[in-house]
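Note sheet for the following structure.
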Amino acid sequence: FFMQSADAFQIVFSPVLVYNKTNPVKGGIWMYDQTLADFPRLSAEQDDTPRIQRAISATAHGVLYVPKGIYLLTGPIRITNFCSLLLHKSAILRAQAPMDFVVWYDGGPRYQNLLMQDETGALFDDLNLFISGGEIDGNGLASCLCINNYHHFTLRDMALRNGKRYGLRVGQTGYGFELIAHNIYCRCTMPGLAGNVGISSKEGDSHYTDCIVVDYTTGIELLGGGANRLTRCHVWGGVIPPAAPGRPPEMLENSVCYRLSSGDALLRDCYADTGKTGFEVVENARLLGCAYYNNYDFKLDDVTVIHQTGGALLVTDGYFSKTSPRARMYSGTGQVRWQNNTYIGGLTPPDT
C-alpha cells in the first residue's frame, strides 16, 4: 500500500503471510482466501458435500484451498459464484453415490455473451478463474468434471479418474471459449465403464497441452466450436482386462483415440497409442508431427490409423507404425494432403 508524507509518497510492502500447516506455499506467501480446513463437518453430516459447498459459498470471486485428504461426496459440488479451487496434489474428491458430475462449474447465462457486464451494466469479466490440482474420482458412479459458461478458464495439474461417462466435459450447457487445459490426467482403473470419454468438448478457441488419457473408450473428442489446439497429448489403453474371454481389453473395444468433429482442429505432436481408430476425422483438421502405434500385446487387430468421413485433412511429418496383421493407414473419403510422413512395419502409404 502507499503511505503519503508531507514530502513524498513512500512505498511500503506488506505481504499477507499465512504460517500454518494448511498453507500450500512453503514460506507463507498468501495464495487463497479460504481453506476447507476451517469448514469441518457438522454433527449431523455423514459426508463432505455440505462442508465443501459451505466453503465455496463463502469464497465468491476468491480461491478456496482444499488440503490433502479423501473427501467423500454423496451429491455434486456446484460452483456458480466464480470461486476458484486450489487442491493439494493429494486431495481427492470421490463420489460415493450416483450423480451426473462430481464437480459442476457454471458461470451463468451472462457468460453466453462475448462481453460481460455486471449488475450495473459496467463491463466486467472475472478473468483468471481456475481449478488446479488434486484428483476428482467418479468412482464409476459419476462423471468427474463439467465446465460451462466461461471465458478464459484454466484447468491444470489434476487427475480425473473413473468417470462414468466423462472425465472432463466442456460445454454441457451454455457457452464458452478459451479453456486452457494443461497436464490433465484422465484414467480408468476399474471395469464396467466401456463407452466413456476422457475429454469431451463442444466449445472452441481452446488449448489442451500435455494431457494424457488412459483407458477411456474415446480419448479426446472435439464436438463443436472451432480452432481448438491440442499439443503433446497422449491417448492409450489396454490395461483393463476383457469383459469376456476372446474379446479385446474392455476399453479398447470400438475405441477412438481422437475424434475430430469441430472445425479447424490442429493437433501437434499428439500420440494415438493403441486404439481401434487412431484419428477419426469429420471436419477440417491438421495433424502435424502426430503418431500412431498399436501395442499388439493387447491383441487388438483390424485397426485404422485415420478414418475420415468429412472435411479437409492435412497430415504432415507423422510417424505411423504397423504392429498387427490387419492394420491399415487410412479409410473413408475426403480431401487429404499427405506430406513428409514415415511409415513403419509395412503400412501402405496412401500418398504414393
Side-chain angles (χ1 to χ4, degrees), residues 73 75-79 85 87 92-107 131-132 134-150 153-177 179-204 206-208 211-225 228 230 233-237 239-240 250-262 265 272 275 277 280 282:
L73 308 175
I77 300 301
R78 297 190 178 274
I79 304 174
L85 293 184
L87 291 86
I92 301 174
L93 307 179
R94 177 171 293 159
Q96 291 293 104
M99 62 189 83
D100 286 341
F101 290 90
V102 178
V103 177
W104 175 277
Y105 177 91
D106 195 330
I131 300 176
S132 176
E135 177 180 311
I136 302 175
D137 184 0
N139 202 21
L141 298 168
S143 297
C144 299
L145 172 62
C146 190
I147 306 293
N148 305 283
N149 291 309
Y150 62 90
F153 194 100
T154 299
L155 299 173
R156 65 178 301 123
D157 304 331
M158 68 176 61
L160 303 174
R161 187 186 297 271
N162 295 323
K164 184 175 182 180
R165 292 187 61 196
Y166 303 104
L168 169 63
R169 175 70 162 168
V170 180
Q172 180 90 349
T173 64
Y175 177 72
F177 61 87
L179 180 75
I180 308 301
H182 176 72
N183 189 27
I184 308 302
Y185 186 56
C186 302
R187 180 157 193 171
C188 290
T189 54
M190 61 191 304
L193 299 176
N196 60 4
V197 184
I199 297 174
S200 176
S201 175
K202 295 173 62 180
E203 308 296 358
S206 297
H207 297 180
Y208 297 82
C211 296
I212 297 174
V213 181
V214 184
D215 267 334
Y216 280 79
T217 295
T218 298
I220 299 176
E221 64 179 12
L222 305 176
L223 300 179
N228 289 297
L230 275 58
C233 294
H234 182 194
V235 176
W236 66 280
V239 178
I240 295 176
E250 180 180 335
M251 307 307 280
L252 293 184
E253 196 162 359
N254 301 315
S255 56
V256 178
C257 295
Y258 299 88
R259 176 172 289 124
L260 309 178
S261 300
S262 67
T277 301
E280 182 179 283
V282 182

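What you are looking at is a predicted structure, and each value in this text was computed from that prediction instead of being measured.
Between the NZ atom of K164 and the CE atom of M99 there is a distance of 11.0 Å, given to the nearest 0.5 Å. The line from CE of M190 to CD of E250 is 10.0 Å long, rounded to the nearest 0.5 Å. The NZ atom of K202 sits 12.5 Å away from atom OG of S261, with the distance rounded to the nearest 0.5 Å. Distance check, rounded to the nearest 0.5 Å: OG of S201 to CG of L223 gives 7.5 Å. To the nearest 0.5 Å, atoms CG (N139) and OG1 (T189) are separated by 9.0 Å. We find the CZ-CG distance between R94 and L73 to be 10.0 Å, quoted to the nearest 0.5 Å.
With a 4.5 Å cut-off on side-chain heavy atoms, E280 and T218 do not count as touching. Contact annotation: the side chain of Y208 never approaches that of I184 to less than 4.5 Å [non-hydrogen atoms, C-beta and beyond].
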Passes side-chain contact (heavy atoms from CB on, under 4.5 Å), E203 versus F177? Steps please. CA-CA 6 Å; E203 308 296 358; F177 61 87; over 6 Å; no
Going through the checks in order, is the side-chain contact (heavy atoms from CB on, under 4.5 Å) test met by D157 and H182? CA-CA 7 Å; D157 304 331; H182 176 72; 4.1 Å; yes
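With hydrogens and angles disregarded, no donor-acceptor distance shorter than 3.5 Å links the side chain of N196 to the backbone of Y216. Remark: side-chain polar atoms of T217 are paired, donor with acceptor, to backbone N or O of G195 under 3.5 angstrom. When atom types are taken as modelled, the side chain of S255 and the backbone of E253 share no donor-acceptor pair closer than 3.5 angstrom.
Nearest heavy-atom pair, V235 versus G219, reported as atom, atom and distance to 0.1 Å: CG1-CA, 3.6 Å. Contact between I220 and C233 at its shortest, heavy atoms only, is CD1-CB, 4.1 Å. Looking at every heavy atom in both residues, C257 comes nearest to G275 through SG-CA, 3.9 Å. Here the closest heavy-atom approach between residue G138 and residue C144 is recorded as N-SG, 3.7 Å. In plain terms, the two heavy atoms of H234 and Y258 that are nearest each other are N-OH, 3.6 Å.
When each of V102, I136, D137, V214 is checked for a side chain to side chain contact (heavy atoms under 4.5 Å, CB included) with R161, only D137 meets the rule. Partner M158 forms a side chain to side chain contact (heavy atoms under 4.5 Å, CB included) with one of L87, N183, L145, L85 and no other, that one being L145. Results of the side chain to side chain contact (heavy atoms under 4.5 Å, CB included) test with N228 over L179, V170, L222 single out L222 as the only residue that passes. Applying side chain to side chain donor-acceptor pair (under 3.5 Å) to S200 and the options R259, Q172, R169 leaves one that passes, R169. Screening I147, I77, L160 for a side chain to side chain contact (heavy atoms under 4.5 Å, CB included) involving V103 leaves a single residue, I77. Looking at I240, N162, L193 one by one, the single match for side chain to side chain contact (heavy atoms under 4.5 Å, CB included) with D215 turns out to be I240.
In this structure, Y105 and F153 have tilted ring planes: the angle between them lies in the 30° to 60° band.
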